[in-house]
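Below is one structure, written out as structure tokens; the observations come after it.
Order of the sequence lines fixes the chain letters, A, B, ..., with proteins taken first and strands second; residue numbering starts at 1 for each chain. Heavy atoms only: backbone and side chains are in, while hydrogens, waters and symmetry mates are out.
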Protein chains: 2
Amino acid sequence: MSVTAAKGFTAAGIAAGIKESGNPDLALVVNNGPRRAAAGVFTSNRVKAAPVLWSEQVLTGGEVSAVVLNSGGANACTGPLGFQDTHATAEKAAEVLPGHSAGEIAVASTGLIGLRLPMDKLLPGIERAAAALSEHGGEKAALAIKTTDTVHKTAVAGGEGWSVGGMAKGAGMLAPGLATMLVVLTTDADVEAPALDGALRAATRTTFDRVDSDGCMSTNDTVLLLASGASGITPERAEFEQAVQSVCADLARQLIGDAEGASKDIRIEVINAASEDDAVEVGRSIARNNLLKCAIHGEDPNWGRVLSAIGTTKAAFEPDRLNVAINDVWVCKDGSVGEDRDLVDMRYREVRITADLAAGSESAVIWANDLTAEYVHENSAYSS
Amino acid sequence: MSVTAAKGFTAAGIAAGIKESGNPDLALVVNNGPRRAAAGVFTSNRVKAAPVLWSEQVLTGGEVSAVVLNSGGANACTGPLGFQDTHATAEKAAEVLPGHSAGEIAVASTGLIGLRLPMDKLLPGIERAAAALSEHGGEKAALAIKTTDTVHKTAVAGGEGWSVGGMAKGAGMLAPGLATMLVVLTTDADVEAPALDGALRAATRTTFDRVDSDGCMSTNDTVLLLASGASGITPERAEFEQAVQSVCADLARQLIGDAEGASKDIRIEVINAASEDDAVEVGRSIARNNLLKCAIHGEDPNWGRVLSAIGTTKAAFEPDRLNVAINDVWVCKDGSVGEDRDLVDMRYREVRITADLAAGSESAVIWANDLTAEYVHENSAYSS
């Protein structure tokens with residue numbers, strides 16, 4: 001499973017001492033070839049962490065030979081010295097991995113913003129991680145990138161003789177562009193960088209980019225797809241894209257299911273929109289409405305808060321033609337009172353909201369979480 | 001104080017039985033002239049409650065002779081029947097107020113969305129409220145429009161021989177366009193409707209419109225300014241605008257201070273922006289960042305969350321030139337670590353965040369609240 005499901009990859013996860021807890025905090029994923037094609041998608045936040053700036057640069061070459069990932073510190077808003085730390089990280093990895101050069105080594109970090117990383121622990125950790133590399137190391141790597149995640153997230157898909165595997169972390173600051181996530185996907189399919197890029201962008205657009213746990217966009221989001229070509233197989237483009245999509249959707253769903261403090265996973269489907277953009281805008285407005293998120297937490301089918309959220313958008317709709325279903329009960333019809341709200345059963349973790357804009361034929365699904373006292377508690381004491 | 005501070009106005013507040021609690025829920029404000037000039041500003045939410053649609057229509061005539069306000073039900077998303085209820089409310093008020101016609105009577109409602117009002121209680125209540133009208137009724141009117149407000153809000157300002165008084169309610173769904181608020185301002189100054197409109201729009205733009213407690217925009221926001229002309233004085237335009245601004249700012253500050261579940265009032269000042277629009281956009285992005293709101297609740301000067309919020313905007317700035325102060329300690333300088341965060345004292349209710357975009361000379365102030373477990377509790381059980 002995880003990033004070592006595909007042939008041609010080794011990985012490791014160790015405790016380098018970056019986290020005071022002593023939990024695993026450093027992961028290494030190495031592409032042993034024969035190919036090193038890669039694609040990456042990064043946060044659209046304009047305040048980007050040093051490792052994001054570094055890895056974006058690496059990706060311009062279309063090749064990534066290894067990825068160093070650390071939890072326990074985001075290395076964001078750390079200025080030129082923080083960027084030097086990232087550079088030193090890649091240089092150290094190149095030094096301990098024969099045949100690798102720093103310019104092809106991506107770096108990803110996650111944790112608190114505004115603190116320098118303890119390089120005296122991180123650099124020796126890279127040496128130890130390199131010594132621990134294994135074809136079965138995917139699970140340990142997935143464990144080492146956790147922050148407030150309660151479980152590690154891995155997924156795999158593929159076809160005859162080839163596969164796509166992946167790992168993800170992310171539990172807070174989960175909102176598009178992408179969401180606070182680090183994701184590494186690997187494949188042994190023989191696919192060139194441009195095709196990898198196309199498959200990755202198509203997949204993230206409708207998966208990670210539509211996860212909106214708390215409306216907060218991270219400085220560190222990184223999703224990488226590395227291809228070793230070790231299977232010797234070049235799948236049909238559609239088949240490959242489907243596998244990448246499947247792994248991304250699986251991981252995205254796991255992120256929502258483990259979001260900080262959440263007690264509900266909310267699937268928001270906007271239907272009959274005039275455009276997909278309208279559907280996404282409306283979906284996000286619902287996903288980010290704190291009052292609605294509180295109501296869902298209280299198992300209260302408060303559809304008025306859905307309408308008040310929709311009303312803040314610029315999407316095409318007429319207020320008196322809006323319909324809203326919660327768990328398939330159409331509690332709002334034609335912008336007014338619909339079926340009996342007491343019919344809505346909200347006991348289960350997954351809650352489905354359907355918003356019918358009656359304005360066209362496009363649709364989109366956004367995933368969100370409820371707002372809970374536990375979310376407040378977890379995030380009011382994070383850095384202190 | 002309140003809406004009867006200005007000469008020419010009477011008001012009343014009674015318990016009509018709309019609220020199951022038996023608390024006051026119906027207010028009446030009457031302009032006894034000699035003039036009836038008025039201006040109004042309403043929610044920019046596209047899903048508008050019936051009373052908003054009605055009162056917008058009333059205001060097109062530039063005159064308002066009376067306002068009926070009820071708490072205990074928003075009369076939003078109630079379809080054509082809900083609009084008929086608002087119409088019947090105005091008709092009933094005209095019937096019991098000699099010399100008034102329904103077309104000059106504004107209506108405002110606040111409470112749960114998606115429920116019809118109990119007209120069998122509301123209409124008799126209007127008759128009782130009319131009988132209770134008094135030149136000292138402003139306080140009782142302010143009490144009757146409370147929903148989750150813990151205190152009623154009134155303010156007064158003015159000049160030699162004339163005054164502007166006002167009342168407001170609003171504690172949740174507080175975000176611009178305007179905020180979930182009902183506000184009635186009265187003045188005995190002799191001012192024509194266009195000048196009232198100008199003064200009211202100028203004042204709300206920098207007060208109520210910059211209150212962003214929870215990012216949720218209401219369907220019912222209404223701010224009315226009624227002029228009786230009873231003082232016989234027409235103040236200088238600037239002096240009058242200043243008085244209206246002062247009352248609005250006072251009431252807006254009271255709204256933030258009483259927001260649902262809040263333990264902190266956050267004053268966000270964005271300075272050195274390239275434009276006022278940029279300053280407001282950045283201020284709102286900070287005001288609406290749930291992670292930051294949790295951190296403030298935890299008295300944690302987590303400036304990284306301020307930067308990650310700024311990074312989501314389109315405002316003009318360079319990430320490595322951003323500076324952020326929390327309670328006057330510049331914890332972030334040039335986009336990186338600044339003064340020692342341990343110097344920040346966050347024990348008091350008011351917290352000041354200053355974001356320096358280093359991109360120009362414009363500025364704006366947005367007021368917000370922290371995010372607390374109490375907010376979640378209060379809003380997860382509101383309608384059930």
Side-chain angles (χ1 to χ4, degrees), chain A residues 45-48 74 76-79 81-82 112-116 172-173 177 214-219 288-292 294-300 302-305 307-313 317 319-320 322 332 334-337 371-373 375-384, chain B residues 45-48 74 76-79 81-82 112-116 172-173 177 214-219 288-291 294-300 302-305 307-313 317 319-320 322 331-332 334-337 371-373 375-384:
Chain A
N45 198 311
R46 290 169 60 199
V47 176
K48 295 180 201 297
C77 306
T78 45
L81 295 175
L112 188 63
I113 298 172
L115 280 183
R116 295 277 303 280
M173 240 189 216
D214 63 1
C216 298
M217 188 195 295
S218 160
T219 50
R288 293 183 177 179
N289 188 282
N290 278 353
L291 287 171
L292 177 66
C294 288
I296 300 296
H297 176 54
E299 303 187 348
D300 171 9
N302 195 327
W303 59 268
R305 292 175 179 174
L307 258 69
S308 72
I310 297 174
T312 65
T313 71
F317 70 84
D320 58 3
L322 294 172
C332 170
D334 295 330
S336 182
V337 186
L371 185 57
T372 70
Y375 177 89
V376 174
H377 290 150
E378 191 157 344
N379 286 298
S380 60
Y382 184 61
S383 77
S384 49
Chain B
N45 197 312
R46 290 170 59 200
V47 175
K48 295 180 203 297
C77 306
T78 44
L81 295 175
L112 187 64
I113 299 172
L115 281 183
R116 296 277 302 282
M173 238 190 216
D214 63 1
C216 297
M217 188 196 294
S218 161
T219 50
R288 294 184 177 178
N289 189 281
N290 277 354
L291 287 170
C294 288
I296 300 298
H297 176 55
E299 302 188 347
D300 171 10
N302 195 328
W303 59 268
R305 292 176 179 174
L307 259 69
S308 73
I310 297 173
T312 65
T313 70
F317 71 83
D320 58 3
L322 294 171
V331 284
C332 170
D334 296 330
S336 183
V337 187
L371 185 56
T372 70
Y375 177 89
V376 174
H377 291 149
E378 191 157 345
N379 287 297
S380 60
Y382 183 61
S383 78
S384 51

Check your understanding: Side chain, backbone, both or neither: which part of A:Leu322 has an atom under 4.5 Å from a heavy atom of chain B?
Key -> side chain
Revision key, fill the gap. Between the CG atom in B:Leu307 and the NZ atom in A:Lys48, the distance rounded to the nearest 0.5 Å is 13.5 Å
Review point. Checking B:Ile296 against chain A: side chain, backbone, both or neither under 4.5 Å from a heavy atom?
Key: neither
Exercise for review: Select, from A:Ala309, A:Ala76, A:Ala295, A:Cys332, the one with the greatest count of heavy-atom pairs under 4.5 Å involving chain B.
Suggested key: A:Ala295
Review point. Quick one: OG on A:Ser380 to CG on B:Leu291, what's the gap to the nearest 0.5 Å?
Key: 11.0 Å
Exercise for review: Mind checking side-chain contact (heavy atoms from CB on, under 4.5 Å) for A:Thr372 and listing every partner two or more places apart, or none if nothing turns up?
Suggested key: A:Ser263, A:His297, A:Asp370, A:Glu374, A:Tyr375
**Study point:** Choice from B:Leu371, B:Leu115, B:Ile310 maximising heavy atom contacts with chain A below 4.5 Å
**Key:** B:Leu371
Practice item. For residues B:Val376 and A:Val376, determine if any side-chain heavy atom of one lies less than 4.5 Å from a side-chain heavy atom of the other. Key: yes
Practice item. Measure the spacing between OG of A:Ser336 and CD1 of B:Ile113 and express it to the nearest 0.5 Å. Key: 12.0 Å
Check your understanding: What residue, out of B:Gly114, B:Gly79, B:Ala74, B:Gly82, has the most heavy-atom pairs lying under 4.5 Å from chain A?
Key -> B:Gly114
